[in-house]
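To start, the structure under review is shown below, and the notes come after it.
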Amino acid sequence: MSQEQQTLLQQKITFHGAGAMAEAIVRGLISRLVVRPQDITMLNRSNLKRQEELSTRYAVHTGTASQSLDLLASSPVIVLCMKPKDAAAALRELGPLLSPNQLIVSVIAGLSIRTMQTLLGLKQPIARTMPNTSSTIGLGATGLAFSAEITDEQRSTVMTLFEAVGIVTIVPEDKLEVLTGISGSGPAYVYYLMEAMIAAGIRGGLSSQQSRDLTVQTVLGAARMVQQTGLEPMKLRSDVTSPGGATQAALKTLDEGDFFENVIAAVGRCAERSREMGAALEGDLNHE
């Protein structure tokens, strides 16, 4: 990473909520020298022990409940990482504290920019994000959507935040649910495939550890082949599929179960359910 990238985010960032995703982002920022630990504050009012653990682990600042409002009011960047059920109260409390140039970065699933601005009572600059759990190891895929109030500098800040834990893709806000169906929930589909491959190896007489090791390496290698060769998955699949061979027989079995269309349907249903949950959440918040 260049010196320019290392110093790009030498500004204070406050994480409002300190769960697994907040920790994943902080770990990425610190390990990639994007933000200094002393410039990060993590707030988690409901679990002071958690704050102590994070402070010890990453040398970041934490704050007590009595300090949190002052810390939020003075932070140029606030990352919202609380649970959806806690979002309404947090946003209503936050609104009166904010100045016009403070950037809000939301990692709250299902909560639209419009609803967040309504709860804040302000047309605040907001970036809505959809990371995935692979951010924990720096291999995340994050979707980003921005409010109209975002400046170029703030947009760059958000990009750098999430590039520290993987790749980023900017989409219109109404496409975030489709992105959720592919990358947000996508790791679960891959894990499910891996479960089945491991089970097949065990049923075939391999040890549990052998089946696990072979499956993990196979999935890792296949992903790296797509990434490093630049070839399409269809081409790589064709290259290992001999006519009349064992791989073709396996793929034929998958096709008999409509594997390809079932995956597409699963992604579609995930996106649909994400929309349903978002609508329900916003309905509940708007009626509070």
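The residues of the chain are indexed from 1 along the displayed sequence.
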Any donor-acceptor pair under 3.5 Å from Arg212 side chain to Ile198 backbone:
no

To the nearest 0.5 Å, atom CZ of Phe15 lies from atom CD1 of Ile78 at 11.5 Å

Could you check Thr62 against Glu52 for side chain to side chain contact (heavy atoms under 4.5 Å, CB included), going step by step and ending with a plain yes or no?
CA-CA 8 Å; Thr62 59; Glu52 292 171 3; over 6 Å; no

Does Cys270 offer a backbone N or O that forms a donor-acceptor pair with the side chain of Ser274 under 3.5 Å?
no

Indicate yes or no: at least one non-hydrogen side-chain atom of Leu161 is less than 4.5 angstrom from one of Ile13.
yes

Are Ile137 and Val165 co-members of a hydrophobic cluster defined by side-chain heavy atoms under 4.5 Å apart?
no

Under the 3.5 angstrom rule, does the side chain of Arg50 hit a backbone N or O of Ala18 as a donor-acceptor pair?
yes

Hey, are the side chains of Leu43 and Leu72 touching, using non-hydrogen atoms and a 4.5 Å cut-off?
yes

Are there over 12 heavy-atom neighbours, none belonging to Asp174, within less than 6.0 Å of that residue's CG?
yes

Check for a donor-acceptor pair, side chain of Gln51 on one end and backbone N or O of Gly63 on the other, with a separation under 3.5 Å.
yes

Going from OG1 on Thr169 to CD1 on Ile167, what distance comes out if it is rounded to the nearest 0.5 angstrom?
5.0 Å

Under 3.5 Å, side chain of Thr129 to main-chain N/O of Pro131, donor-acceptor pair present?
no

Over 12 non-hydrogen atoms of neighbours within 6.0 angstrom of CE in Met197
yes

Please name the pair of heavy atoms, one in Pro37 and one in Tyr58, separated by the smallest distance, quoted to 0.1 Å.
CB-O, 3.4 Å

Under a 4.0 Å N-O cut-off, is there an ion pair linking Lys83 with Asp86?
no

Does any non-hydrogen side-chain atom of Leu54 lie less than 4.5 Å from one of Asn44?
no

Check whether any side-chain N or O of Gln154 sits under 3.5 Å from a backbone N or O of Asn101 as a donor-acceptor pair, and report yes or no.
yes

Using side chain to side chain contact (heavy atoms under 4.5 Å, CB included), reason through Leu111 and Glu282 one step at a time and then give a plain yes or no.
CA-CA 7 Å; Leu111 200 56; Glu282 295 201 346; 4.2 Å; yes

Flag side-chain contact, heavy atom, 4.5 Å: Glu276 against Arg273:
yes

Does Leu179 belong to the same Ile/Leu/Val/Met/Phe/Trp/Tyr cluster as Phe162, with side-chain heavy atoms less than 4.5 Å apart forming each link?
no

Arg269 bridged to Glu272 by N-O distance under 4.0 Å
yes

Gap between atom NZ of Lys12 and atom OG1 of Thr41 - 0.5 Å precision
7.0 Å

Do Glu23 and Arg57 meet the salt-bridge criterion of a basic N to acidic O distance under 4.0 Å?
yes

Look at the side chain of Ser211 and the backbone N and O of Ile202, then say whether any donor-acceptor pair between them is shorter than 3.5 Å.
yes

Val168 and Met159 have their tightest heavy-atom pair at CG2-CE, 3.5 Å

Looking only at side chains, do Gln102 and Ser99 share a donor and an acceptor under 3.5 Å apart?
yes

Hey, quick one: are Val171 and Met130 part of the same hydrophobic cluster, counting side-chain heavy atoms closer than 4.5 Å, chains of contacts allowed?
yes

Heavy-atom pair of closest approach, residues Asn132 and Pro187:
ND2-CG, 4.0 Å

With the 4.5 Å side-chain cut-off for hydrophobic clustering, are Met277 and Ile182 part of the same group?
no

Flag for Thr115-Ser112: side-chain donor and acceptor within less than 3.5 Å:
yes

How long is the span from the OG1 atom in Thr157 to the CG atom in Asp152, to the nearest 0.5 Å?
11.0 Å

Begin with the C-alpha distance, continue with both residues' side-chain angles, and end with the deciding distance and a verdict on side chain to side chain contact (heavy atoms under 4.5 Å, CB included) for Leu120 and Ile126.
CA-CA 11 Å; Leu120 288 169; Ile126 294 178; 4.1 Å; yes

How far apart are the closest heavy atoms of Asn262 and Gly257, and which atoms are they?
ND2-O, 2.8 Å

Between Thr14 and Leu71, which heavy-atom pair has the shortest distance, and what is it?
OG1-O, 4.0 Å

Any donor and acceptor pair, going by atom type alone, linking the side chain of Gln124 with main-chain N or O of Met116 inside 3.5 Å?
no

Side-chain (Ser55) to main-chain (His61) donor-acceptor, under 3.5 angstrom:
no

Other residues, nucleotides and ligands only: do more than 12 of their heavy atoms fall within 6.0 Å of CD on Gln227?
yes

Should Leu193 and Val240 be regarded as members of a common hydrophobic cluster, given that ILVMFWY residues are connected when their side-chain heavy atoms come within less than 4.5 Å of each other, either directly or indirectly?
no

Determine whether Gln217 and Leu220 satisfy the following criterion, side chain to side chain contact (heavy atoms under 4.5 Å, CB included), listing intermediate values before the conclusion.
CA-CA 5 Å; Gln217 186 67 13; Leu220 176 62; 4.1 Å; yes

Can you tell whether the side chains of Arg32 and Glu163 come within less than 4.0 Å, N to carboxylate O?
no

Minimum heavy-atom separation for Gln11 to Pro76, with atom names?
OE1-CB, 3.6 Å

Starting at NZ of Lys85, measure out to CG of Leu281 and round the result to the nearest 0.5 Å.
12.0 Å

If you group Ile, Leu, Val, Met, Phe, Trp and Tyr whenever their side-chain heavy atoms sit less than 4.5 Å apart, what else falls in with Leu214?
Leu206

Just checking, is any N or O donor in the side chain of Gln209 or Asp213 under 3.5 Å from an acceptor N or O on the other one?
yes

First locate atom CG of Leu103, then atom CZ of Arg155, and finally report the distance between them rounded to the nearest 0.5 Å.
11.5 Å

Does a side chain donor of either Glu153 or Thr151 reach within less than 3.5 Å of an acceptor in the other side chain?
no

Side-chain donor/acceptor of Thr180 to backbone N/O of Leu176, under 3.5 Å:
yes

